[in-house]
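Beneath this line is the structure, given in structure tokens, with notes to follow.
Below, chains carry the letters A, B, ... as their sequence lines are ordered, and counting in each starts from 1.
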Amino acid sequence: MIQTFTQTIIKKFKADPFFWLLFPLLLYIVVIAIYPLFFSFRISLFDYRLTDPNQTQTFVGLENYIRAFKDPTVLISLENTLIYVAGTVTVELLLGLGLALLFSPETKLAQFVRSFLLIPMALPPLVVGLIWKSLYNADFGVIPYYLKQLGLDVGRGPLGELSTAMPAVMLIDVWQWTPLLMIIFLAGLKSLPQEPYEAAYVDGSSRWQSFIYLTLPLMKPTFLIAFLLRTVQSFKVFDTIYATTAGGPGQVTTVLNYHIYTVGLTFFDMGYASALANILLVMVTVLSIVYILVMTRRQL
Amino acid sequence: MQKKSIKVTFYLLLAFALLLGVAGCAPQAAPAAEEPAAEEPAAPVVEKNKFEGVELTLASMTDQYVTAFRVLVPRFTEETGIKITLDELGYVDLYQKLTADFVGKTAQYDLMTVDIVWSGEYAANLYTLPLDDFMARDEADLNLDDIMPVAWTLGEYEGKHWAYPMAGYANVLNYRKDVFEAAGIEPPKTQEELLAAAQQLTEGEQYGIALLGAKGSAVAQDYMAFVQQHGGSILDADGKVALNTPENAEILEFFGELFKYAPPGSTDYWWDQRETAFRSGIVAMMEGWSIARAGYENPEISSVVGLADVTAAPVSEGMEPKYGFGGWGIGINASSTQLKQEAAWEFIKWLASEEIQKEWVKNDGAPIRRSTLTDPELVAMYPWFPLMLESFEKGDGDYRPRIPEYSIIQDALGTYVNAFLVGQETAESALQKAQEQVEANTK
């Protein structure tokens with residue numbers, strides 16, 4: 001049996017040496033991604049607490065998943081996650097496109113500004129979160145200081161008020177990740193073919209018309225990439241929340257990932273945490289599939 | 001053809017095995033090379049040789065006392081030859097890293113600072129080594145009677161010692177002498193007076209009191225401190241978690257009332273921001289651990305030099321005075337090798353000795369011994385030591401229950417007390433939800 005197995009592998013190698021060239025990568029993916037995925041699915045079916053001295057793993061079937069749908073924090077955090085994703089992705093897409101259009105001409109100034117706009121992206125989100133936390137501090141922070149100078153009532157500070165905590169956290173994300181979208185859109189703009197524009201110019205279209213009827217449709221694949229990338233990233237937000245509000249005040253900025261972290265690394269309830277993580281995974285996967293389907297169908 | 005294929009597979013397997021072998025050998029090769037060095041006849045005393053070359057890792061919280069570790073650890077290595085690597089971690093990181101280390105039995109850390117509230121959990125799960133055998137063996141050298149009775153709560157659980165007392169903190173009231181004199185009132189003696197003073201001293205940009213309001217351990221611990229000072233408890237008579245009692249709701253209302261006279265950003269304050277508020281002079285009072293006191297006289301970090309004083313934490317009217325006690329013990333990993341555990345015990349013994357305790361306190365450590373708290377030289381340096389001694393005498397180390405479920409209680413209170421403070425919940429509903437969350441996670 002081993003002989004036939006090796007024979008098939010050898011045959012495969014002869015026919016297709018790429019397989020072997022890919023083999024280290026495949027092995028790597030199995031170890032780093034596939035195995036943990038199956039492991040997390042397995043423990044999500046168990047009642048498994050790390051802090052249990054006996055380390056017993058009791059099989060409970062889908063109980064962890066049922067529990068998730070009854071957990072009030074899950075519903076709140078799900079809602080918060082959706083608000084966060086919708087808000088950040090929309091603003092970032094619009095701002096990113098605007099900035100890309102603004103800085104696409106190859107002038108000295110544009111090049112200079114472009115390189116500076118990349119700095120936020122290069123900073124670790126945790127550091128960014130901590131810096132913004134001190135900027136936002138109601139009593140010693142810079143931002144409330146100037147808001148007070150303008151005669152505005154900042155109350156408990158942007159991160160402390162129920163109504164402003166979420167927008168304040170979203171602003172951090174926008175500040176950090178808009179440059180990434182700018183880069184993606186810039187690359188998209190640079191690779192657009194020139195001929196349609198020339199034809200449109202000959203036909204007497206205005207710049208606005210060229211933008212609406214040429215640039216936007218031609219940029220659709222770029223939009224797809226940017227949109228998907230940021231949606232998936234935004235769904236997984238953790239560092240910024242962890243460093244600024246810890247999901248507070250109350251639970252208004254508790255996103256799903258933060259709740260998973262609490263369950264997994266404060267309660268060490270690994271079974272339930274894995275179940276929650278798998279729910280998040282399914283949601284992100286479904287969204288990805290939907291986006292890809294919608295965008296490819298439109299292109300036809 | 002077939003032979004060739006077998007050959008190819010064989011070579012591949014061989015190469016793979018070789019690679020594994022090389023990777024596996026690398027870390028082992030290093031200690032082997034060091035061994036001869038350990039045999040050098042450098043130390044003349046026989047006892048020293050036993051631990052020569054032993055390397056320990058100490059996980060320390062980045063509290064004030066970490067500076068004392070930085071000074072004392074090299075001195076210990078010099079005296080005994082036991083090398084200690086100090087790993088400094090924040091509160092949340094320390095707890096998580098230690099738990100991962102204990103659960104995996106990886107023994108990355110041989111020695112660790114143990115928060116008073118973790119001792120129950122560590123005991124129930126046998127994470128740290130019970131020190132009773134060591135203590136019985138070396139009783140003659142330890143001078144156990146000199147250690148303040150309340151300090152034993154730093155690591156004692158159900159009759160065994162899971163961490164050794166290391167740094168004792170008393171809950172005290174820091175206040176601004178000048179502000180109280182200007183207003184013509186005395187520092188508060190009861191909780192009712194505290195509220196009245198906070199109200200009276202709040203004017204414009206000057207606030208009455210600094211509190212911890214940030215979601216998480218900060219607000220939970222501050223609330224529990226006030227529960228203690230009002231004579232309440234978050235456990236019922238049978239030791240079951242009982243957060244949603246009418247008394248606790250009343251104390252929570254009081255806590256919320258105090259926030260009216262705290263800086264507006266207080267619902268976001270962590271320990272460091274509360275300290276900043278007091279040091280920058282915008283508040284008149286602050287309850288807190290006795291450890292930060294020396295810092296107020298350092299003009300580099302404080303703008304209230306010479307203006308601050310400290311008094312006993314006020315308790316509720318008519319209540320027998322009892323003061324919140326907290327701090328850190330030092331424990332030994334139960335999964336470490338026996339030699340390392342022995343060496344770690346040597347360090348604990350050395351650290352807790354009367355002589356070293358003086359150095360420890362001088363370098364920002366916190367006291368555990370009566371002899372340290374009454375030492376004339378130290379009292380001259382730190383005039384608030386007699387107050388700490390009194391707070392320790394009447395100290396209560398159990399107001400934050402040292403039970404295995406502590407971190408779950410703390411998380412639930414951390415979320416819902418904060419939600420109450422920002423107006424998302426009423427006092428009753430906040431405690432009710434916290435109770436429900438604890439029950440859901442401890443079944």
Worksheet entry | Test item: Tyr261(A) and Gln96(B) side chains (from C-beta on) under 4.5 Å apart, heavy atoms | yes

Worksheet, complete the sentence: Under 4.5 Å to a heavy atom of chain B? For Thr245(A) that would be backbone

Discussion item. As an exercise: rank Thr99(B), Val219(B), Val92(B), Ile282(B) by heavy-atom pairs under 4.5 Å with chain A and give me the winner.
Written reply: Thr99(B)

Worksheet item: Are Val103(B) and Phe268(A) close enough that some pair of their side-chain heavy atoms sits under 4.5 Å apart?
Response: no

Worksheet item: Within a radius of less than 6.0 Å around CZ of Phe59(A), do more than 12 heavy atoms belonging to other residues, nucleotides or ligands occur?
Response: yes

Discussion item. For a 4.5 angstrom cut-off between non-hydrogen side-chain atoms, does Glu161(A) reach Val422(B)?
Written reply: no

Worksheet item: Would you say Phe267(A) and Gln437(B) make side-chain contact, with heavy atoms under 4.5 Å?
Response: yes

Item to complete: State whether the number of non-hydrogen atoms from other residues, nucleotides or ligands found under 6.0 Å of Glu203(B) atom CD is greater than 12.
Response: no

Item to complete: Work out which heavy atom in Phe140(A) is nearest to a heavy atom in Ser280(B); give both atom names and the distance.
Response: CE2-OG, 3.8 Å

Worksheet item: For Tyr272(A) and Asn441(B), does a side-chain donor sit closer than 3.5 Å to a side-chain acceptor?
Response: no

Worksheet item: Is chain B contacted by the side chain of Tyr136(A), its backbone, both, or neither, given a heavy-atom distance below 4.5 Å?
Response: neither

Worksheet item: Do Gln424(B) and Val252(A) touch side chain to side chain, with heavy atoms closer than 4.5 Å?
Response: yes

Worksheet item: Does NZ in Lys148(A) sit with more than 12 non-hydrogen atoms of other residues, nucleotides or ligands closer than 6.0 Å?
Response: yes

Worksheet item: Between Gly265(B) and Ala138(A), what is the shortest heavy-atom contact and its length?
Response: CA-CB, 3.5 Å

Worksheet item: How long is the span from the CD atom in Gln273(B) to the NZ atom in Lys133(A), to the nearest 0.5 Å?
Response: 5.0 Å

Practice prompt. Mind ranking Ser407(B), Pro263(B), Ala430(B) by heavy-atom pairs under 4.5 Å with chain A and telling me who comes out on top?
Written response: Pro263(B)

Response to the item:
In short, Pro264(B) meets Gly155(A) closest at the heavy-atom pair CB-O, 3.1 Å

Worksheet item: So, Lys215(B) side chain and Pro249(A) main chain: donor-acceptor pair closer than 3.5 Å or not?
Response: no

Worksheet item: Please walk me through it: do Tyr269(B) and Asp139(A) pass side chain to side chain donor-acceptor pair (under 3.5 Å)?
Response: CA-CA 10 Å; Tyr269(B) 277 10; Asp139(A) 304 306; 2.4 Å; yes

Worksheet item: Can you say whether Thr415(B) sits under 4.5 Å from chain A via the side chain, the backbone, both, or neither, judging by heavy atoms?
Response: both

Worksheet, complete the sentence: Bottom line for Phe102(B): the part with an atom under 4.5 Å from chain A's heavy atoms is neither

Discussion item. Need one label for Gln410(B): side chain, backbone, both or neither, based on atoms under 4.5 Å from any heavy atom in chain A.
Written reply: neither

Worksheet item: Would you say the side chain of Arg156(A) lies within less than 4.5 Å of the side chain of Asp268(B), judging by non-hydrogen atoms?
Response: no

Worksheet item: Under a 4.5 Å heavy-atom cut-off, does chain B meet the side chain of Leu162(A), its backbone, both or neither?
Response: side chain

